[in-house]
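Written below as structure tokens is the structure these notes are about.
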Amino acid sequence: MDTDVADSLSTQFLDRFGDLPDGVWAAPGRVNLVGEHTDYNGGYALPLALPHRTYAAVRRRDDGLLRVASLQAPHGWEGPVTTVRQGSPDGWAAYVAGVASVLAERAGAAEVGMDVLVDGHVPLGAGLSSSAALSCSAGLALRDLVPQLDGLSEAELVGVCVRAENEVAGAATGGMDQTVSLRAVDEHLLLLDARDRSVVPVAWTLPDHELLVVDTRVHHALGDGQYERRRRTCEEAAAALGVGSLRELDPEVLDRDWERPAGPARVLHGIPDALPRVRHVLTENERVLDLVAALREQDVARVGSLMTASHASLRDDYEVSCPELDLTVEAALGAGAPGARMTGGGFGGSAVVLVARTEVEQVAESVAQAFAREGLDAPAFLHAVPGPPAHRVR
């Protein structure tokens, strides 16, 4: 499929810009099995790269001009790299222009000009990291095309893309999405330690089960302020507790020290919502490590129960779920799925369901019927097969 998309995109690039691109790059979206809202708290996550990708046909320019267009959007953006800043451009183009702007600090603005035509195959607004796929495909293209950027590692490029999203697109992402998009290992999940940005491949050991992604069709957006508000609460809580990030707290503090006179419950009392937010982060980090162990032991029931416990914590303590996501989880579990949870930043987007291969259609039909009974638009279903990282297609 990659080569077919690349051929078609190159032809359309020629029609749009009057010349063929220097190459075509592809970067995957991601789904996170467990470990939500932990990356910006220095914690653990367990994502995998989806087979669904964003493709970018790119031709380098030597005049510092950016021209970006997309097959999925009616309007693109054009302007000098030197004019890129938060809010200019806005929308999807900011994820491409932001990467060029950050890389200009290393290579010079004149060196990172480019013409870009994007073809996105990651569902938009589904919480599957279409934005990171966009920034990573553009960043990898510039790394490969600009001599001054030769030798920039994938780990360093993750930092570039995070800055682009934070500083230009205005999305307070923590780095998990960009890490899995650029550093995934084919046929594996990726245990991410956000404190030191290390990754460990984790094999999928449940051959009779698969991950079914349910796109609720409720639009999810990181730039609406809710994500940033929770991130700020966690940062304030960490500062009040005298640690650099919530990862530094011993999880046993929840049982041993929570209510003591100088314990977290007292220290955080003056920060709205801090107590449940901290509780989610600490318990979620434990769930990630426990789920990795359960995969190694091929314990289907344990994997499922940890996923479902994660959803309850995100719903109740972190308050980032929504009725459609809760309905999806309830319907999937009711149909016999061992586990289910929302995935991504929340406030819409997608859920991920652990389901026996022989029961995929049954579970999907039960979820669809539940949506129909509530008068909701029909959800979409994707099979989450761990795929390879971003790469050059041609």
Side-chain angles (χ1 to χ4, degrees), residues 30-48 125-129 171-177 180 189 192 194 211-216 218-222 224-235 237 245-247 249 251 254 272-292 294 302-333 337-354 367 379 384:
R30 68 94 190 93
V31 66
N32 192 24
L33 185 60
V34 69
E36 221 68 74
H37 291 276
T38 52
D39 56 347
Y40 54 83
N41 286 299
Y44 298 105
L46 191 64
L48 59 104
L128 301 176
S129 199
T173 178
M176 173 184 66
D177 302 345
V180 70
L189 297 89
L192 166 66
L211 299 174
L212 179 68
V213 176
V214 182
D215 178 2
T216 66
V218 177
H219 185 75
H220 153 95
L222 291 184
D224 62 3
Q226 293 287 350
Y227 184 103
E228 185 175 2
R229 190 171 302 125
R230 281 155 179 77
R231 179 171 182 164
R232 188 165 56 248
T233 295
C234 290
E235 291 170 349
S245 72
L246 296 182
R247 163 71 178 280
L249 292 176
L254 293 174
D273 301 318
L275 291 173
R277 306 296 190 248
V278 171
R279 183 166 54 237
H280 165 74
V281 172
L282 296 185
T283 57
E284 188 79 344
N285 281 327
E286 289 190 300
R287 281 187 286 270
V288 173
L289 299 180
D290 289 347
L291 197 147
V292 170
R302 182 64 174 154
V303 171
S305 66
L306 287 165
M307 291 173 63
T308 305
S310 173
H311 181 79
S313 182
L314 288 160
R315 179 193 63 211
D316 300 335
D317 279 347
Y318 225 71
E319 297 182 283
V320 291
S321 188
C322 67
E324 292 83 359
L325 287 168
D326 295 340
L327 179 64
T328 299
V329 170
E330 180 182 353
L333 295 176
R341 63 182 289 275
M342 60 153 281
T343 186
F347 312 106
S350 297
V352 58
V353 182
L354 177 66
V367 173

Closest non-hydrogen atom pair between S321 and D326, with its separation | OG-OD1, 2.7 Å
Any side-chain heavy-atom pair of D215 and S350 under 4.5 Å | yes
Short question: side chain of R230, backbone of E319 - any donor-acceptor pair under 3.5 Å?
-> yes
Are the side chain of T216 and the backbone N or O of G348 linked by a donor-acceptor pair below 3.5 Å?
-> no
Just wondering, do V367 and V353 contact through their side chains at under 4.5 Å, heavy atoms?
-> no
Nearest-0.5 Å distance, CG of residue D317 to CZ of residue R279 = 4.0 Å
Taken to the nearest 0.5 Å, the spacing of L33 CG from L46 CG works out to 5.5 Å
Reported CG-to-CG distance for the pair L246 and N285, which is rounded to 0.5 angstrom | 9.0 Å
Between G345 and H37, which heavy-atom pair has the shortest distance, and what is it?
-> O-NE2, 2.9 Å
Heavy-atom neighbours of E330 CD exceed 12 at 6.0 Å | no
Mind listing the closest non-hydrogen atom pair of Y318 and C234 along with its distance?
-> OH-SG, 3.1 Å
Taking side chain as C-beta onward, heavy atoms only, is M342 less than 4.5 Å from R315?
-> no
Note: E284-R341 ion pair, threshold 4.0 Å (strictly below) | yes
Output the distance between atom CG (L128) and atom CG (N32), rounded to the nearest 0.5 Å.
-> 11.0 Å
If you round to the nearest 0.5 Å, how far is CZ of R232 from OH of Y40?
-> 11.5 Å
Nearest heavy-atom contact between M307 and V352 is CE-O, 3.6 Å
Carefully, step by step, assess V278 and L249 under the rule side-chain contact (heavy atoms from CB on, under 4.5 Å).
-> CA-CA 10 Å; V278 171; L249 292 176; 4.2 Å; yes
Can you check whether M176's main-chain N or O pairs, donor with acceptor, with D39's side chain at less than 3.5 Å?
-> yes
Least distance between heavy atoms, P379 atom then V214 atom | CB-CG1, 3.8 Å
Verify the distance criterion only: is there a donor paired with an acceptor across the side chains of R229 and T233 at less than 3.5 Å?
-> no
Given side chains that start at C-beta, do those of L211 and L354 come closer than 4.5 Å, heavy atoms only?
-> yes
Give a yes or no on whether the backbone of S310 and the side-chain of S313 come within a donor-acceptor separation of less than 3.5 Å.
-> no
Do H280 and D316 meet the criterion of a side-chain donor-acceptor pair at a distance under 3.5 Å?
-> no
Tell me whether the guanidinium CZ or amine NZ of R247 lies under 6.0 angstrom from the six-membered ring centre of Y44 and within 45° of its axis.
-> yes
Please name the pair of heavy atoms, one in L306 and one in D290, separated by the smallest distance, quoted to 0.1 Å.
-> CD1-C, 3.6 Å
